Amino acid sequence: MIGVLANALVPVFVGLLVGYAAGLRDVVDNRNVKSLVTFVMSFAIPCYLYVTVAATPRRLLWNQTKVALVLAIVYAALFAATYVSSRDTASNRAVLALTLGFPNAAAIGLPLLQSLYGERAGVTVAIAIAIGSVTVSPVTLVILESETGAGKKLSLLARIRLSLWRALKRPIVWAPLLALVAVATNFGLPGYFERSLTIFGNATAGTALFMTGLVVSAQRFTFTWPVVWAVCSKNLLQPALCLGVAQVVRLPREEIRYVVLISAIPCGFFGIFFGEGFDATPEIASSSLIASYLVGIFTLAGWIVFLNHLP
């Protein structure tokens with residue numbers, strides 16, 4: 001079991017540490033990562049999502065409906081609980097809620113689950129990224145937009161419509177939706193074009209790991225009790241909730257392992273990235289991001305062992 005854990009976790013955390021060290025030692029500018037984030041979120045991840053979803057047989061893809069439902073419930077539950085319980089501005093609460101609610105499946109989910117369960121787990125990871133991209137991420141953007149000076153001048157309906165339109169224009173949102181249409185209509189891209197997308201998609205895991213470490217190296221860290229509660233909610237309570245919901249909807253054991261482990265992945269960077277564009281960078285979010293990865297070394301190992309013995 002130690003060998004399994006090492007093969008699954010060491011490559012992930014080495015990738016994170018390389019990015020962290022590069023930012024900490026100023027090898028790479030960790031304050032100006034917009035170009036790298038744009039590559040990951042607008043090119044690499046969308047290409048991975050499209051290729052993975054479009055290549056999935058229709059029957060197998062429709063079987064992911066329960067998986068999508070479980071993940072949507074789990075993401076939304078922690079997002080809503082965090083947003084309601086936090087005592088801060090609406091923008092800061094939204095950033096913290098997205099940081100905790102949407103795990104970093106893009107960076108960690110791909111190498112981790114494929115190492116443990118093989119290539120078949122890649123479809124579930126793609127679904128996990130897509131669900132977060134079309135649910136809690138647009139909601140966060142709606143809240144952030146509504147708190148701007150221009151946003152406050154618009155009606156609530158206009159703010160929602162404008163924010164959703166801006167969210168839908170992001171490739172990370174429309175790429176999986178376009179892939180679903182391709183599957184439903186049996187549309188296939190020419191082989192050379194699909195291979196071109198695959199090249200970009202294959203860059204997702206390594207680049208996202210490096211970028212996550214880079215983003216973390218630029219964040220402030222303060223140890224407070226709210227940070228402790230936030231990390232416990234993310235690393236322990238969210239996967240536990242996922243396990244309960246997955247059993248209620250009667251997911252197969254294999255898929256239960258996939259979704260629970262995805263939920264156990266530490267905080268995502270979308271919240272921090274979105275927040276910087278709206279001057280919403282709460283210290284609790286950055287501190288929770290850092291602490292989540294430090295604690296995640298042990299909690300991920302614990303969840304892997306637990307799920308391996310799941311009856």
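Source: prediction; values computed, not measured. If you read the sequence from its start, that first residue is 1, and numbering goes on from there.
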Q) Measuring from Leu116:CG to Asn308:CG, what's the distance to the nearest 0.5 Å? A)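 These two atoms lie 9.0 Å from each other.
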Q. Atom OG of Ser287 and atom CD of Gln219: how far apart are they, to the nearest 0.5 Å?
A.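 Reported value, rounded in 0.5 Å steps: 9.0 Å.
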Q: Tell me who clusters with Val295, hydrophobic residues only, linked when side chains sit under 4.5 Å apart either directly or through other members.
A: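 Other cluster members: Leu78, Leu96, Leu100, Val227, Val231, Ile284.
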Q. Step by step, would you call Leu112 with Leu300 a side-chain contact (heavy atoms from CB on, under 4.5 Å)?
A. CA-CA 10 Å; Leu112 180 61; Leu300 274 176; 4.1 Å; yes
Q: For Ala81, check side chain to side chain contact (heavy atoms under 4.5 Å, CB included) against everything at least two apart and list the hits.
A: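 Once residues adjacent in sequence are excluded, Ala81 has no partner under the side chain to side chain contact (heavy atoms under 4.5 Å, CB included) criterion.
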Q) Who passes side chain to side chain donor-acceptor pair (under 3.5 Å) against Asn63, sequence neighbours left out? A)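 Per chain and number, Asn63 pairs via side chain to side chain donor-acceptor pair (under 3.5 Å) with no residue.
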Do [X] and [Y] touch side chain to side chain, with heavy atoms closer than 4.5 Å?
{"X": "Val260", "Y": "Trp303", "answer": "yes"}
{"X": "Asn104", "Y": "Phe269", "answer": "yes"}
{"X": "Phe274", "Y": "Leu98", "answer": "yes"}
{"X": "Ile297", "Y": "Leu9", "answer": "no"}

Q: Sorted by first residue and then second, give each ring-ring contact (aromatic ring centres under 6.0 Å, His included) pair with at least one member in residues 18-74; sequence neighbours left out.
A: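 Pairs touching residues 18-74 that pass the test: none.
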(Q) Filter on ring-ring contact (aromatic ring centres under 6.0 Å, His included), then keep only pairs touching residues 216-241, sequence neighbours left out; what's left? (A)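 Residue pairs with at least one partner in residues 216-241: there are none.
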Q: Give the intermediate values and the outcome of side-chain contact (heavy atoms from CB on, under 4.5 Å) for residues Cys242 and Ile256.
A: CA-CA 8 Å; Cys242 186; Ile256 288 178; over 6 Å; no
Taking distance alone, no hydrogens or angles, what donor-acceptor pairs closer than 3.5 Å link side-chain atoms of residues 122-143 to residues at least two apart or in another chain?
| residue | atom | partner | partner atom | Å |
| --- | --- | --- | --- | --- |
| Thr124 | OG1 | Gln64 | OE1 | 3.4 |
| Ser133 | OG | Ile129 | O | 2.8 |
| Thr135 | OG1 | Ile131 | O | 2.5 |
| Ser137 | OG | Gly132 | O | 3.0 |
| Thr140 | OG1 | Val136 | O | 2.8 |

Q: Please lay out, stage by stage, how Ile304 and Leu261 fare under the test side-chain contact (heavy atoms from CB on, under 4.5 Å).
A: CA-CA 7 Å; Ile304 290 170; Leu261 192 54; 3.8 Å; yes
Q: Among residues two or more places apart or on two chains, list those pairs meeting salt bridge (Lys or Arg N to Asp or Glu O under 4.0 Å) that have a residue in residues 172-189.
A: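 Qualifying pairs, neighbours excluded: none.
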Q.
Test: salt bridge (Lys or Arg N to Asp or Glu O under 4.0 Å). Region: residues 242-267. Which pairs qualify, not counting sequence neighbours?
A.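 Found Arg120-Glu254.
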Could you name each residue pair satisfying side-chain hydrogen bond (donor to acceptor under 3.5 Å, both in side chains) that touches [range], not counting sequence neighbours?
{"range": "residues 201-211", "value": "none"}
{"range": "residues 176-196", "value": "Arg58-Asn186"}
{"range": "residues 234-247", "value": "Lys234-Gln238, Asn235-Ser292, Asn235-Thr299"}
{"range": "residues 74-88", "value": "Asp88-Asn92"}

Q: Show the numbers, then the answer: is there a side-chain contact (heavy atoms from CB on, under 4.5 Å) between Leu69 and Val245?
A: CA-CA 9 Å; Leu69 175 63; Val245 175; over 6 Å; no
